[in-house]
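Encoded as structure tokens, the structure appears first; notes follow it.
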Amino acid sequence: MLKLLKYLKPFTLMVVFILIFAFFQAMADLNLPNIMSDIINYGIQKNGIVNSVPDALRKTEYEKLSLFLTDDNKKIIDANYLLVDKDSASKEDYDKYVKTYSVLENEPIYVLNTADKDIINTLDSIMSKAIMSVSGINKMVEEKGVQGVLQSFSQQGDQSQAPSPQMQAIMGQIDPNADIFTIISQLMKAMPSDQIEKMRDTIDDQMKGVPESLLSQATAPYITEEYKALGMDMNKYQQDYILKRGGFMLLIAVGSMCCTILISFLSSQTAMAFGRDVGRALFSHVETFSLGEFDKIGTASLITRNTNDVTQVQNVLMMIFRMMITAPMMAVGGIIMAVAKARSLSWLIIVVIIVLLAVIITFATIAIPYFKKMQGFIDKINLIVREKLIGIRVIRAFNRDEYESDRFDKANTDLFKNAVRINRIMAIIMPIMMLIMNGTSLSILWFSAHKINDGTMQIGDMIAFTQYMMQIMMSFMMLTMMFIMVPRAQVSATRINEVFNIKPEIKDADNVMTLPDTKNGNVTLEFKDVVFSYPGAENPALKNISFKSKSGETTAIIGSTGSGKSTLVNLIPRFYDIQSGSIEIDGINIKNITQEDLRCEIGFVPQKATLFSGTITENLQYGKQDATIDEVSKASEIAQAMDFIKEKEEGFDTFISQGGTNISGGQKQRLSIARALVRRPDIYIFDDSFSALDFKTDAKLRAALKDQVKDAMLIIVAQRVSTVMDADRIIVLEGGEMVGMGTHKELLENCPTYKEIVLSQLSEEEIA
């Protein structure tokens, strides 16, 4: 199949665009679950709060958090938060902030004044620990009271150690009804710096094992309450976040849809153009074949290869562009994103991929042999259908309709059974894939539920992980479909390449010669010791054939059936090439003349008259497209075809059906002769072309030919003695050899074979 990809070269730019759009589609689809996860984790569960960095803080809350910050951390916080109050802020800034934070009317606030992501990440780590410390103390106050908190605080996290005498003295002077954080502030001022550092280290150690996402989730209630205290509308805040992320999600979905449409459009355009070019190249290559190459493959098979096989490759190429490019990106990207969302469940990905690969390999192993057989069965059907349609007269004449129907039924049944087997495999694989998908979803829910209950996983991450797993599995399903379809296309591609790999035996020489302008009637044709054998034949079909013919002469060829008459005349236009000897026109070997120039010199009328669908005029102009109606009419008169043409209502515009089935055999033969006459060549070849004519028409036609084409050379193959007896030269063939050559009288005297033929057709009186 790779050999055929060279026909994609003109569409390289389109393929590049397909790759680009496929990449963007994959990236868009991979981001959708992540955005959905954010909407659930932050928009729904955390009221739109994304991290532990509040947009604003009351000054009092800021002072509480500062208790648990190092001096370096305080500097970072101070550098990125702006203090806003009635006295220091400009009227414009004050009015702007007071609309959002109504508490500003009563107390100063700190407002975040940076949007730098790196700084936000740094602040997130700092603020989350401080917020958790403040939240933890508030919770302890509710559970243990102020005295219990002070007892724990004075022990710096070590329950076995009693407060120092100095600390007990300080605590004795503190008002137990004061605010807990005011008390802690007074205690910390009296505490040695090493004790404060130890306390902060203890807090850090307690938070190290908590994932950042869960740490952020734990700080959300505190920030929510702070936003409410600031006077913010939390419903609107949450709604704004969901609408913003939802809108972004919708935009990405629309972008993915646009990429999908563009990929489909470009894939169809590229694949169809590829199929067109391959079909055109295949047909053009077949046109260069000699009759021997046609015999090797068979007409029916060539038709299948140029239609069905090209279509198979074309369809698979389109599916590759649509799915096989995107599927690996989705699979790899899905694995990366899924592991990032839930590393602890990554073992599920490994298990699912192993199961999927096992299913794919199993079914591919079973299905591929059936796909390989498919094209052979189609070949067989085309062969039988073609034979039946072409030979319908013979079939009906011998009452073999039932036999032919049985032949077709057998071939059709073989194709049917093969297709049913393939469809059964496809019918089984889909439920298995769905079972794996549903089982995977259930497994994710089961294991994720425990982690969510333990607080080590968020609901949004579970949903995102599930969606990524579905994307991974869908990618593998698409690859499965491709693995099933590609083998059949590979078989078709191999069959197409078999045709391309056939090198025509008959081709123009490297240094061709040009025939002189011989329209003056000085053409010569000479056979010199010609020997010819059909491919694979044991004995030559023609041996040692030598003769010479000139313009104005008629050379007739006669002999028994199978003696090589048609073979001899088929050598002149190089339908076959000889093994030894030479055939020369005007002293030039025909192998040194281009096939086009050679055949322009010849007007050929085959043994079996062949007409094409179209009008009579179109058929007669087949050899000379610019022929005038006068030339067509004159050729028809010489060929004795004018009488029946005039009888037609539409005359020369009468439509001829395919193969000329709407006219008689004699009429087809006369139109074939007229077609050759329209061309006005130097050499006329009539391969038993008068056999379908009655004696009267035959005589009239030969008389007209003798008068109208007297400057041309006539080569006539005939079975009738009456057709050849007036020829200037009669060649008698028997068993592929010349057993006599001369005039009618000369051959009667010295050629027993010719005399035997004559006596079989004419009486002694007629001969005399």
Side-chain angles (χ1 to χ4, degrees), residues 38-39 41-135 137-138 179-182 184-185 212 215-248:
D38 288 347
I39 291 173
N41 289 341
Y42 303 123
I44 296 175
Q45 290 187 293
K46 295 170 60 178
N47 300 314
I49 298 167
V50 178
N51 51 49
S52 300
V53 183
D55 295 336
L57 283 167
R58 290 172 295 169
K59 186 179 180 181
T60 53
E61 287 300 312
Y62 180 83
E63 290 170 350
K64 292 178 184 178
L65 297 175
S66 298
L67 296 174
F68 303 96
L69 298 174
T70 64
D71 292 338
D72 291 337
N73 287 342
K74 284 180 183 179
K75 289 178 182 178
I76 296 173
I77 298 292
D78 290 340
N80 293 286
Y81 273 89
L82 177 68
L83 177 62
V84 180
D85 59 18
K86 291 181 180 180
D87 300 327
S88 63
S90 65
K91 187 176 186 306
E92 184 180 348
D93 287 343
Y94 180 81
D95 292 340
K96 180 180 72 172
Y97 288 122
V98 80
K99 287 181 181 179
T100 307
Y101 312 112
S102 58
V103 74
L104 184 57
E105 294 178 351
N106 302 319
E107 65 175 301
I109 63 172
Y110 279 89
V111 179
L112 185 68
N113 64 351
T114 182
D116 187 279
K117 290 184 178 179
D118 293 333
I119 295 175
I120 295 294
N121 290 334
T122 303
L123 291 174
D124 186 58
S125 176
I126 296 170
M127 296 292 282
S128 60
K129 294 172 184 178
I131 291 172
M132 287 293 291
S133 298
V134 172
S135 299
I137 289 172
N138 286 331
D179 179 71
I180 183 63
F181 292 100
T182 302
I184 291 173
S185 176
E212 288 186 10
L215 196 61
S216 176
Q217 186 176 6
T219 61
Y222 172 87
I223 297 174
T224 300
E225 292 302 318
E226 180 60 18
Y227 282 171
K228 288 179 180 178
L230 286 166
M232 293 174 61
D233 185 349
M234 288 308 297
N235 288 331
K236 185 177 183 303
Y237 188 86
Q238 181 182 33
Q239 188 179 45
D240 288 345
Y241 177 83
I242 293 174
L243 289 175
K244 182 180 177 181
R245 296 299 286 169
F248 184 57

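One is the number of the first residue; the rest follow in order along the sequence.
- Scanning for side chain to side chain donor-acceptor pair (under 3.5 Å) contacts around Asn73 gives Thr70, with sequence neighbours left out.
- For Asp116 (side chain) and Asp118 (main-chain N/O), a donor-acceptor pair under 3.5 Å exists by modelled atom type.
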- Task: Could you check Tyr94 against Glu105 for side-chain contact (heavy atoms from CB on, under 4.5 Å), going step by step and ending with a plain yes or no?
- Result: CA-CA 9 Å; Tyr94 180 81; Glu105 294 178 351; 3.8 Å; yes
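- Closest heavy-atom contact between Ser52 and Ile131: O-CD1, 3.4 Å.
- Separating the CG atom in Leu57 from the CG atom in Leu230 is a distance of 7.0 Å, to the nearest 0.5 Å.
- From Tyr42, atom OH reaches atom CG of Asn51 across 8.0 Å, with rounding to the nearest 0.5 Å.
- A search for side chain to side chain donor-acceptor pair (under 3.5 Å) contacts involving Tyr110 returns nothing, not counting sequence neighbours.
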- Query: Would Glu61 and Tyr222 count as a side-chain contact (heavy atoms from CB on, under 4.5 Å) if you check the C-alpha gap in whole Å, the side-chain angles of each, and the deciding distance to 0.1 Å?
  - Reply: CA-CA 11 Å; Glu61 287 300 312; Tyr222 172 87; 2.4 Å; yes
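- Of the listed residues (Ile120, Ile77, Thr219), just one forms a side-chain contact (heavy atoms from CB on, under 4.5 Å) with Met127, and that residue is Ile77.
- In terms of heavy-atom proximity, Asn80 sits nearest to Ile76 at ND2-O, 2.8 Å.
- The shortest heavy-atom contact between Leu104 and Tyr97 is CD2-CB, 3.9 Å.
- Between the side chain of Lys46 and the backbone N or O of Asn41 there is no donor-acceptor pair closer than 3.5 Å.
- From Thr100, atom OG1 reaches atom CG of Asp233 across 11.0 Å, with rounding to the nearest 0.5 Å.
- Put simply, OH on Tyr227 and CD1 on Ile49 are 6.0 Å apart, with the number rounded to the nearest 0.5 Å.
- The minimum heavy-atom distance linking Ala130 with Leu69 is given by the pair CB-CD2, 3.8 Å.
- For the pair Glu226 (side chain) and Arg58 (backbone), a donor-acceptor distance under 3.5 Å is present.
- Counting heavy atoms from C-beta on, the side chains of Tyr81 and Pro54 come closer than 4.5 Å.
- Using a distance-only test at 3.5 Å, with no hydrogens or angles considered, a donor-acceptor pair links the side chain of Ser128 to the main chain of Ser125.
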Below 3.5 Å, can you tabulate the donor-acceptor pairs from side chains in residues 235-246 to any protein atom, sequence neighbours excluded?
from   : atom 1 : to     : atom 2 : distance (Å)
Lys236 : NZ     : Asp240 : OD2    : 3.0
Tyr237 : OH     : Asp55  : OD2    : 3.1
Gln238 : NE2    : Gly43  : O      : 2.7
Gln238 : NE2    : Ile44  : O      : 3.4
Arg245 : NH2    : Asp38  : OD2    : 2.9

